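Right, one structure below, let's go through it.
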Amino acid sequence: MLRCALHDVLLEFISDQMPEFHTPTTEQEFQLNFAQLKPHMNRTEALYESSRCLFCFDAPCIKACPSGIDIPQFIRQINSGNDTGAARTIYEANYFGNACGKVCPTEVLCEGACVYNLQEVKPIEIGRLQSYATTKVIESGKKLFGPGAANGKSVAVIGAGPAGISAACELRALGYSVDVFEAKAQPSGLTVYGVAPYKITNEETLAEMDYLQAQFGYNTQFNSPINSREELVELENKYDAIFLGIGLGKTNELGLPGEDKINCTGAVEFIAELRQHHHQVNVGRKVIVLGGGNTAMDAASESSRLGAEQVILAYRRAKEEMGAYEFEYDLAKGVGVKGLFNVAPVEIVGNGYVAGVKFIRTETKDGKVSEVPGSEFVEPCDMVIKATGQAKQTEFLQLIPGLKLDGKGRIVADAHTGQTSNPKYFASGDAWNGGAEVVNAAAEAKLTARGIHAYLSK
Amino acid sequence: MPDLSINFAGIKSPNPFWLASAPPTNSGYQIMKAFDAGWGGAVWKTLGVPVVNVSSRYGGVNYRDKRLVGFNNIELISDRPLADNLREIEEVKKRFPNHAVIASLMVQSRQEWHDIVRQSQDAGADGFELNFGCPHGMCERGMGSAVGQEPKILQMIVEWVMEVATKPVIVKLTPNISDITEPAMAARRGGADAISLINTIQSIVGVDLDQFAPYPIVDGKGTNGGYCGPAVKPIALNMVKNCAQHPDVRLPISGIGGIENWRDAVEHILLGASSVQVCTAAMHFGFGIIREMTTGLEQYMVEKGFNTIYDFVGKALPNVLPWEQLNMKYKVTANIHEEKCIGCQLCYTACEDGAHQAIKLNADTRVPEIIQENCVGCNLCSLVCPVEDCITMDRTDDGTQHLTWKERVEAGTAPTEFNDERAGGRHHWVPEPAAALGKERHKTLPGKARIYSGETELPTVV
Ligand SMILES: Cc1cc2nc3c(=O)[nH]c(=O)nc-3n(C[C@H](O)[C@H](O)[C@H](O)COP(=O)(O)OP(=O)(O)OC[C@H]3O[C@@H](n4cnc5c(N)ncnc54)[C@H](O)[C@@H]3O)c2cc1C
Ligand SMILES: Cc1cc2nc3c(=O)[nH]c(=O)nc-3n(C[C@H](O)[C@H](O)[C@H](O)COP(=O)(O)O)c2cc1C
Ligand code: SF4
Ligand code: SF4
Ligand code: SF4
């Protein structure tokens, strides 16, 4: 016991003295700092791990998977040496099978539900087994699916994120001709522009996209944002249905004085840069991340791994009230991030460049946060990352006649079919659910494609 | 400290653990190393007629991630020159006078048997083991299991050996026979001092799905081999018991088959073995396993208060009865200890699909419930449950009554026709066949049912 305590003190001391990571200056150093949390399994590890699965009846892991992958089935297939069959089981339920294995918050989904937890035994590493099987088919290029017989109808998909691509695959399987319009230069949406680099690499993400494209043969037009009413009219005339997989928008503005200072940036924008430019992205020496959600945890971890000497996570409420998953906070703490709780930012200070954040202390009473008068203080820093949520794409959505949004700006659509209040339009993913995970977008879009099929088959 | 030493039909050994005649006893080098490590005895790799082996000789059965739960070989007897083997026997005996060195032998004619027995005796072997067990390669030449399967020939060869043997003679039996006691009795009639069993079981260990050939593959072809390893222990135990219980066998038994730890050894001993032999486990893990075996055996003996091996040789035999003598009034039923249950529902699906539909599921909990009146006490659920002691089989009769099938037949109370009120399954509840259709489809067809059948809504976001 004593030794442990001493050890902790020592660790604390060391982490106060120097940064956790050296600033990466080459791609190799970047890969080291951002080493994959869920590295690939080799056949031996996959054999050992798949051997542990109990093949539960009515397995809780399946129920906890938003895309309902038949987990015990694919694990049993891996165990019997049928890796291709395992990949098929996975892809039948979820076209982002490989990405999900790597980026899903499995701790709160399938693995969190694994019965082993109740025995205080490590749950089955479902995510890694999943990626094991899918990586194998992707690498071999073995085709598992193909487009269905052409039915003469066509669908436009706006957005090539998890929702858009999943819908495109399913629609192709049902025989539709599909054109995908994507504002950015690469497919997979936030999987390649938002998810933390230690969860999945760009290569892995894009390899799965190529694999799907090669099998289903939908057309994707990159750098082609749909922005105007005219463009929408054109789509409405040309296609039998339109699928909205546009996700969310930019980081919310805080509306604080000084927000325009150099080195004050939004988390989504910072991370998009990071995913594309790796070690070429500069981070401050002392970074303050504003927010308490998963994106805040990611931005903080990423800053630390980019070599920031000090990273402070500032949140308006108490630690327990953070929206982030516990394991995500643990991950950030593990790379030296320090929490600063019950503080609200009032101003970004500095002369042109960020020099600090002026906070005011807060307290939570009966669930309400109130500021403590006279408690302002300035926490110096040279970079501020705002992880205060993504804005909805309300402006664009208003161009669609009759399209209803709910009070939070989310598209209103039928729970079974994904059909919106404008019958020609269907929606899934973050734009519909308000912001969830890749797996939700993939699962929803598959169902919605079936909804489109039902609508157009009437 | 308990005394582990044995005197097996006149062969003395510091402990009951011998290496069986097999690759680990192929040379003096290996046997000295084994004795150094703590083994009590070794049966030399079978000496006999000249042979030539093929390359690619073993095959294995893996269960999930567990290697070699079963093991198979198409190897023959020793292919080393007899003179080398004899010289090394002498050397080992000089160095280890108190350890048991047994010469395993297999030749054809009476003269050959006489010669090889004399030569081994002169080399200093403590005893002989006649290999009438090898089920491949040698039997085609009229030796090995070809002898073990013919009690008359077996007896004749034993008689030849007894004509010249001055040291104890053990006959090694093949399990590739329907009644193991037949060759055992033949060995006794021939004058043998002991028997050892089992040799390997004829087997095909697996088939290569791409080459369409059995393992082990020799240039695209294969042949049947001899099966051994942990998987054969139950077969060995039953045969050891059969020989130990038979009133006309009455010979010391060296138990062989699937022994890899002290527990396996104790099981063989409790069913009548008074020495045990090990092959596969030594081939898999090396001689070092002897440490666990001797310390485990010692610990067990201390805990049970046994001073020598003979305190428990055959101790389980009085409790192995013919089925007709089991008490039919004894009744156990399954009980799930809720606090330990992890909700895998394997017990449910096992009983539902594989037994007696005596377990049900309730809403709002993953812990299944036993339907006591339907439970026949088969044990299945407790065997599949992955949590230690989570399902216990608890006695429900009051222990005062005793009635066997034999007694029922004698008393004329046994059922005699199918609709007999006294028949077993007569009043056991079984669901209507059609009740199976579509039952729990969403649970047994999980992913697809959810996605395609419209049974569920879009997954909700937490
Ligand atoms: C920082 C961050 C980290 C995350 N980490 C994880 C994680 O670890 N694991 C996880 O499962 N989920 C994570 N998520 C969430 C996950 O990325 C999203 O839930 C998922 O990508 C949503 O998919 P989508 O298809 O609905 O939207 P998006 O992925 O946002 O895709 C929308 C696509 O539509 C395009 N688009 C938008 N408007 C238009 C237009 N008008 N015309 C043409 N194209 C348009 C966009 O360019 C984009 O490519 C994270 C999100 C963020 C922000
Ligand atoms: C509980 C049980 C009861 C069995 N009853 C019969 C039977 O009535 N008739 C039969 O021909 N085989 C019976 N068998 C043998 C099986 O059909 C099969 O041959 C044997 O279990 C070997 O197959 P396996 O090891 O692959 O399961 C029974 C097996 C078990 C486990
Ligand atoms: S809950 Fe765990 S053990 Fe059970 S089927 Fe799922 S992964 Fe396997
Ligand atoms: S002991 Fe057999 S019959 Fe009874 S509940 Fe268990 S599996 Fe069913
Ligand atoms: S098999 Fe054991 S752990 Fe699994 S549900 Fe049944 S009682 Fe519970």
Side-chain angles (χ1 to χ4, degrees), chain A residues 44 46-63 65-74 79-81 89-90 92-94 108-109 114-119 121 170 413-418 428 432-437 439-440 443-444 446-448 450-451 454, chain B residues 62-67 69 206 208-210 337-354 359-363 365-368 381 384-390 439-462:
Chain A
T44 304
L47 178 66
Y48 276 55
E49 190 61 7
S50 61
S51 293
R52 291 204 304 133
C53 174
L54 298 168
F55 201 68
C56 297
F57 178 77
D58 188 21
C61 53
I62 306 179
K63 290 199 241 180
C65 171
S67 60
I69 297 176
D70 192 343
I71 294 163
Q73 164 81 356
F74 90 70
N79 197 256
S80 69
T89 302
I90 294 160
E92 268 172 0
N94 181 340
V108 297
L109 298 174
C114 177
V115 295
Y116 272 115
N117 291 298
L118 289 159
Q119 224 180 347
V121 172
E170 190 77 356
D414 184 274
H416 291 280
T417 64
S428 299
W432 175 74
N433 64 34
E437 315 289 342
V439 63
N440 300 92
E444 292 160 15
K446 198 172 165 81
L447 283 190
T448 296
R450 301 239 147 207
Chain B
N62 298 340
Y63 180 73
R64 295 188 167 193
D65 58 341
K66 295 288 170 287
R67 301 264 155 189
V69 297
D208 189 289
L209 303 190
D210 301 312
H337 298 270
E338 221 174 292
E339 72 289 353
K340 292 189 179 144
C341 172
I342 59 173
C344 67
Q345 299 188 348
L346 284 173
C347 58
Y348 166 75
T349 199
C351 186
E352 171 75 10
D353 293 357
I359 302 187
K360 66 173 180 174
L361 300 176
N362 294 319
T365 172
R366 291 225 19 124
V367 183
C381 55
V384 301
C385 179
V387 182
E388 294 279 305
D389 305 323
C390 174
K439 196 187 175 195
E440 297 167 332
R441 199 171 74 81
H442 61 293
K443 294 181 177 178
T444 48
L445 237 190
K448 282 182 197 153
R450 278 180 71 178
I451 298 293
Y452 294 129
S453 63
E455 280 167 14
T456 37
E457 301 205 344
L458 281 177
T460 42
V461 175
V462 241

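Since we're looking at a predicted model, the values are computed, not measured. Below, chains carry the letters A, B, ... as their sequence lines are ordered, and counting in each starts from 1.
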May I ask you to test the B/I342-A/L54 pair for a side-chain heavy-atom distance under 4.5 Å?
yes
Tell me whether the count of non-hydrogen atoms from other residues, nucleotides or ligands lying under 6.0 Å of CD in B/E388 goes above 12.
no
Got a sec: does the CZ of A/F55 have more than 12 other heavy atoms crowding it under 6.0 Å?
yes
If you count heavy-atom pairs within less than 4.5 Å of chain B, which of A/D58, A/L118, A/V121 leads?
A/D58
Please flag which part of A/C53 lies under 4.5 Å from any non-hydrogen atom of chain B: side chain, backbone, both or neither.
backbone
Can you give the donor-acceptor pairs under 3.5 Å from side chains of residues 343-350 of chain B to other protein atoms, not counting sequence neighbours?
| unit_1 | atom_1 | unit_2 | atom_2 | d |
| --- | --- | --- | --- | --- |
| B/Q345 | NE2 | B/R366 | O | 3.2 |
| B/Y348 | OH | B/E440 | OE1 | 3.3 |
| B/Y348 | OH | B/E440 | OE2 | 2.5 |

